[in-house]
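Heads up: the structure comes next, in structure tokens.
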Amino acid sequence: MSLNAPLQEQTRLEIKELCRQMIEGEIGYIEGTRLILSRATDAGLKDHDSYLMDFIGIASETDIVPTSQVLKMWSAEAVAKKSPYWAELETWAKEFGEDACRKLHSRW
């Protein structure tokens, strides 16, 4: 199945923008990683693409962090208890993923 070229180009621009937002601190690396991976196929990227490997690693290591939608169902006390750990994971994700983010941003 061939990809729709306009969709592929649009998705690549969206990923490039996500990378910019991550680098500039507008969105976190965990959230940004999840959004990039959710768009990878439409951008024509394969799971084994060298540009995605670090993002796949981040997703794997941070899958314990709930999405914003799931977090809405948590109690304030539970969020407060887990937030320091999630912040540590976010710091790690940024340190681990910043170079990959810059490389992916410059790809297109």
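Residues Ala59 and Leu37 share a closest heavy-atom pair of CB-CD1, 3.6 Å. Across all their heavy atoms, Ile56 and Asp47 have their closest contact at CD1-O, 3.2 Å. Nearest heavy atoms, His105 versus Cys19: CB-CB, 3.7 Å. Nearest approach of Ile58 to Gly97, heavy atoms of both residues: CD1-CA, 3.7 Å. In terms of heavy atoms, Cys101 sits closest to Tyr29 at CB-CE2, 4.0 Å.
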Taking it one step at a time, do Asn4 and Asp42 satisfy side chain to side chain contact (heavy atoms under 4.5 Å, CB included)?
-> CA-CA 8 Å; Asn4 177 321; Asp42 285 343; over 6 Å; no
Verdict with supporting geometry, Asp54 and Glu98, side chain to side chain contact (heavy atoms under 4.5 Å, CB included) | CA-CA 10 Å; Asp54 287 342; Glu98 190 166 9; over 6 Å; no
Decide yes or no on salt bridge (Lys or Arg N to Asp or Glu O under 4.0 Å) for Glu17 and Arg20, but give the supporting numbers first.
-> CA-CA 5 Å; Glu17 175 61 14; Arg20 183 200 65 75; 2.6 Å; yes
Run the salt bridge (Lys or Arg N to Asp or Glu O under 4.0 Å) check on Arg107 and Asp49 step by step: do they pass?
-> CA-CA 12 Å; Arg107 182 174 183 172; Asp49 190 300; 3.0 Å; yes
Residue pair Leu18, Gln21: steps toward the side chain to side chain contact (heavy atoms under 4.5 Å, CB included) verdict = CA-CA 5 Å; Leu18 286 167; Gln21 291 173 352; 3.9 Å; yes
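Residues Met53 and Trp92 do not share a hydrophobic cluster, clusters being chains of Ile/Leu/Val/Met/Phe/Trp/Tyr side chains in contact below 4.5 Å. Hydrophobic cluster membership differs between Met22 and Leu89, with clusters built from Ile, Leu, Val, Met, Phe, Trp and Tyr side chains linked at under 4.5 angstrom. Side-chain heavy atoms closer than 4.5 Å link hydrophobic residues (I, L, V, M, F, W, Y) into clusters, and following such links, possibly through other members, connects Leu52 to Ile27. If you chain together hydrophobic residues whose side chains sit under 4.5 Å apart, Leu45 and Leu13 never meet in one group.
Thr91 OG1 to Phe96 CZ: the interatomic distance, rounded to the nearest 0.5 Å, is 15.0 Å. The structure places NZ of Lys82 at 12.0 Å from CG of Leu71, a figure rounded to the nearest 0.5 Å. Once rounded to the nearest 0.5 Å, the distance linking OG1 of Thr33 with CZ of Phe55 reads 5.5 Å. In this structure, CG in Leu104 is found 12.5 Å from CZ in Arg102, a value given to the nearest 0.5 Å.
Panel note: side chain Glu90, backbone Ile30; a donor-acceptor pair is recorded below 3.5 Å. Looking only at distances, no side-chain donor or acceptor of Thr62 sits under 3.5 Å from a matching main-chain atom of Val65. Without hydrogens or angle criteria, Arg39 side chain to Leu35 main chain gives a donor-acceptor distance under 3.5 Å.
More than 12 non-hydrogen atoms from other residues, nucleotides or ligands lie less than 6.0 angstrom from NZ of Lys16.
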